[in-house]
Amino acid sequence: MVLAHPPLPSKNGSFFIECDSSYDTFREVGKYVLQLMYLVPGIWLHSRILLSRFGIERDDFRNNSFGVIFMVNSVVSLLELLIHTFIYRPSIFIPPLCPIFTPILAYPSIIWKFIMILQNHLKAAKSMTQIFMSFNRMTCALWPIEYNSIWTNNRVKSVVFLIIVMPVGTTFNLILSRITLQPIYGGFITNYVRTISWASLPFQHLVFIITALSSTVICTSIAIYALLMLPNRVKGAERSLCIAAIIFSIGFIGAAGAQAAIAFCPLCLDSSYEVGKYVLQLLYLLPGILLHARILLSRFGIDRDDSRSNSFGVIFMVNSIVSILELLIHTFIYRPLIFIPPLCPIFTPILAYPSFIWKFIMVLQNHLKAAKSMTQIFMSSNRMTCALWPIKYDSIWTKNRVKLVVFLIIVLPVGATFNLIVSRITIQPIYGGFTNNYIRTIPWASLPFQHFIIIIIALSFTIICTSIAVYALLMLPNRVKGAERSLCIAAIIFSIGFIGAAGAQAAIVFCTSCFGDLLFMFHFWCIDFLDICQPVVTLFLSKEFRRNIFRSKVVVLQSGSNHLVVL
């Protein structure tokens, strides 16, 4: 993090700062400990990767172009993790270190300057590795036969050279500039006084990231097209690496957005903690949207007929529609307004007056939340009947009954939103932003209590149906075939998450003093769990579901031909 115009050092070259003692030491150290829970395993994992590459599999590895680039990426990641774990993060999140080290670092230090230059060099090198990894996977997906001739040893060496040298484009001004300190949280972080005034470090990083992001989007899109449309052109191992590279790309897009905010939104720096919460949520909200979109694409396209004849598939599809709409509202409307403080002064004057659009969004979001309870009732009931009466299952869940279930999922949530429809929508501050609220027209119809009633009914169904399904699976394991058993286990996991959501809703209704920032976030996490983990768990447990979602059949339309091939 870099200030736009940091104060200048004194005449003797010293630069003293005053540590902020208002931060609670226990809370700040707790943040650091929480980060250690993923930083240390990350260090161990990258160390293990490098140990295997330089030792056991060294010869095989050198002949693999992606493996070489991946190794360079691991070296970059390991060094960056070490700097952050043992230098940067402690200096930020352990307040007692601030008065010890700031007097020492107030004077020019070659070691401290080297660490800052190295960390920024590694950050830029990360962009370079992303460019070449995504490009490597694209060439593999498009030209699997010519792949090895494209990525010769000499070309791979050139790539490694570029990854090492090109990041100097971001750090040259830092090399020439005076390194200073800046207080943050209860500790401190590095800053610098520019020698070359136009060469801003955040902007230089942004140029690198935008270049890498453009390359990533293009190469990843082409790789996805090749994998979906031409699935047999890439062997399994290479396809797995392509999918892994696609996941890297999604995370990289989030990093690019954060860097753009640092470069162009100085106000966001003052609220970076809140914006950081939003960015972290994007890391699972966006993949959740993509996954549900893929489920709906397969259900409405490739597997439409199969899905309609499968009662659980129909209910699951309705659940995906509810989930994707709820995720879209939370990702692009609710969460930004709560966790991006600069949006608050822009939108609150507009929403201070009655707004049909804002009211529609609030009503729709609460309708979807209640519909989620309804889908839970019918999914758990469906799995219970499958576990108890597998032979009669299809005759119980006829098409007409499934249509009735869909109708009930759509209509019954009005029981939670009828008072909201006739009430005045307002806004209330929370974190650094705002969320919606309402003034009841019908005094006794409390929205949290209405949701609670629906959740309690759903929870009762869930516990009863899940308990019976568990009994049937444990006592009569051979009565349900493997695919159906996987769906039953998935439904059990959903039920556990649903119990958490019910507990959060109960706390909101009956424990007014409990309703703080932590309960608010826990409630969000329960909603996110139900929206995102359902398809993820089902994908993990059900081989048939994975095949249906990710398969693609190439269809050729020929004149005079009766066969149809679907893309």
Chemist: Distance from T435 atom OG1 to I427 atom CD1, nearest 0.5 Å?
Modeler: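 If we round to the nearest 0.5 Å, T435:OG1 and I427:CD1 are 10.0 Å apart.
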Chemist: Do R27 and F93 come within less than 4.5 Å of each other through their side chains, counting heavy atoms only?
Modeler: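 No, their side chains stay 4.5 Å or more apart.
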Chemist: For S446, what residues pass the side chain to side chain contact (heavy atoms under 4.5 Å, CB included) criterion, not counting sequence neighbours?
Modeler: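 For S446 the side chain to side chain contact (heavy atoms under 4.5 Å, CB included) partners, ignoring immediate neighbours, are R440, P448, F449.
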Chemist: If every non-hydrogen atom of T129 is compared with every non-hydrogen atom of K126, which pair is closest and at what distance?
Modeler: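 The answer is OG1-O, 2.8 Å.
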Chemist: Which distance, rounded to the nearest 0.5 Å, do you find between the OG of S381 and the CZ of F461?
Modeler: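 Nearest 0.5 Å value for the OG-CZ distance: 6.0 Å.
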Chemist: Would you say the side chain of Y278 lies within less than 4.5 Å of the side chain of P336, judging by non-hydrogen atoms?
Modeler: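 The answer is yes, as the side chains (C-beta and beyond) meet within the 4.5 Å cut-off.
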Chemist: Within the structure provided, determine whether L181 and F101 are in side-chain contact (heavy-atom separation under 4.5 Å).
Modeler: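 No, side chains not in contact.
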Chemist: Please answer whether the main-chain N or O of L328 pairs with a side-chain N or O of T331 as donor and acceptor at a distance below 3.5 Å.
Modeler: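 Not at all, since once roles are kept as given, no pair shorter than 3.5 Å links the two residues.
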Chemist: One pair to check against side chain to side chain contact (heavy atoms under 4.5 Å, CB included): N382 and F378. What are the steps and the verdict?
Modeler: CA-CA 6 Å; N382 184 285; F378 292 112; over 6 Å; no
Chemist: Are the side chains of I295 and M317 in touch, meaning some heavy atoms are under 4.5 Å apart?
Modeler: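 No, side chains not in contact.
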Chemist: Looking at S215 and T211, would you say the former's side chain and the latter's main chain have a donor-acceptor pair under 3.5 Å?
Modeler: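 Checking the backbone N and O of T211 against the side chain of S215, no donor-acceptor pair under 3.5 Å is found.
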Chemist: Do the non-hydrogen side-chain atoms of Y192 and N120 ever get within less than 4.5 Å of each other?
Modeler: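 A side-chain contact under 4.5 Å is absent here.
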Chemist: Could you grab the distance from atom CE of M362 to atom CG of L447, nearest 0.5 Å is fine?
Modeler: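 If we round to the nearest 0.5 Å, M362:CE and L447:CG are 6.0 Å apart.
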Chemist: Roughly how far, to the nearest 0.5 Å, is CG of L285 from CG of L327?
Modeler: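 One gets 6.0 Å once the value is rounded to the nearest 0.5 Å.
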Chemist: Which atoms form the tightest heavy-atom contact between A293 and I324, and what is the distance?
Modeler: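 It is N-CD1, 3.7 Å.
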Chemist: Taking side chain as C-beta onward, heavy atoms only, is I289 less than 4.5 Å from F332?
Modeler: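 Result yes, sub-4.5 Å side-chain heavy-atom pair found.
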Chemist: If the condition is salt bridge (charged side-chain N to carboxylate O under 4.0 Å, His left out), which residues does E28 pass it with, not counting sequence neighbours?
Modeler: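 E28 satisfies salt bridge (charged side-chain N to carboxylate O under 4.0 Å, His left out) with K31 once adjacent residues are dropped.
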Chemist: Between I87 and Q119, does a side chain to side chain contact (heavy atoms under 4.5 Å, CB included) hold up when you go through it step by step?
Modeler: CA-CA 11 Å; I87 300 175; Q119 189 271 330; over 6 Å; no
Chemist: Is it the case that over 12 heavy atoms from other parts of the model lie below 6.0 angstrom from the CD1 atom of I346?
Modeler: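 More than 12 heavy atoms, drawn from other residues, nucleotides or ligands, come within 6.0 Å of this atom.
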Chemist: Check step by step if side chain to side chain contact (heavy atoms under 4.5 Å, CB included) holds for I361 and Y334.
Modeler: CA-CA 10 Å; I361 291 171; Y334 267 24; 4.2 Å; yes
Chemist: Do you know which two heavy atoms are closest between A370 and A416, and how far apart they sit?
Modeler: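 Nearest pair, atom of A370 first, then A416: CB-CB, 4.0 Å.
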Chemist: Can you tell me how far the CD1 atom of I421 sits from the CD1 atom of I442, to the nearest 0.5 Å?
Modeler: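 Reported to 0.5 Å precision, the distance equals 10.0 Å.
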Chemist: Give the ring-plane orientation class for Y23 versus Y185, where under 30° counts as parallel, over 60° as perpendicular and anything between as tilted.
Modeler: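 Rings of Y23 and Y185: perpendicular, as their planes differ by over 60°.
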Chemist: Please report the shortest heavy-atom distance between L343 and F434, naming the atom on each side.
Modeler: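 So the minimum-distance heavy-atom pair works out to O-CE2, 4.4 Å.
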Chemist: Determine whether R383 and C386 satisfy the following criterion, side chain to side chain contact (heavy atoms under 4.5 Å, CB included), listing intermediate values before the conclusion.
Modeler: CA-CA 5 Å; R383 292 302 89 197; C386 173; 3.8 Å; yes
Chemist: Under 4.5 Å between any side-chain heavy atoms of K359 and P354, yes or no?
Modeler: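 K359 does not reach P354 side chain to side chain.
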Chemist: When the side chains of residues 401-412 are checked against the rest of the protein, which donor-acceptor pairs come out under 3.5 Å, sequence neighbours left out?
Modeler:
from: R401; atom 1: NH1; to: I396; atom 2: O; distance (Å): 2.8

Chemist: Output yes when a side-chain donor or acceptor of Q450 lies under 3.5 Å from a complementary backbone atom of G415, and no otherwise.
Modeler: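 Indeed, once roles are kept as given, a pair shorter than 3.5 Å links the two residues.
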Chemist: Any side-chain heavy atom of T441 sitting closer than 4.5 Å to one from S423?
Modeler: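 The answer is yes; the side chains approach within 4.5 Å.
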Chemist: Looking at every non-hydrogen atom in both residues, tell me the closest pair between N419 and A445 and how far apart they are.
Modeler: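 It is ND2-O, 2.7 Å.
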Chemist: Taking all atoms of both residues into account, what is the closest heavy-atom pair of F208 and S127, and its distance?
Modeler: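 Heavy atoms only, the tightest pair is O-CB, 4.2 Å.
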Chemist: If I take atom NE2 from residue H330 and atom CD1 from residue I338, how far apart are they, to the nearest 0.5 angstrom?
Modeler: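 With rounding to 0.5 Å, NE2 (H330) is 8.0 Å from CD1 (I338).
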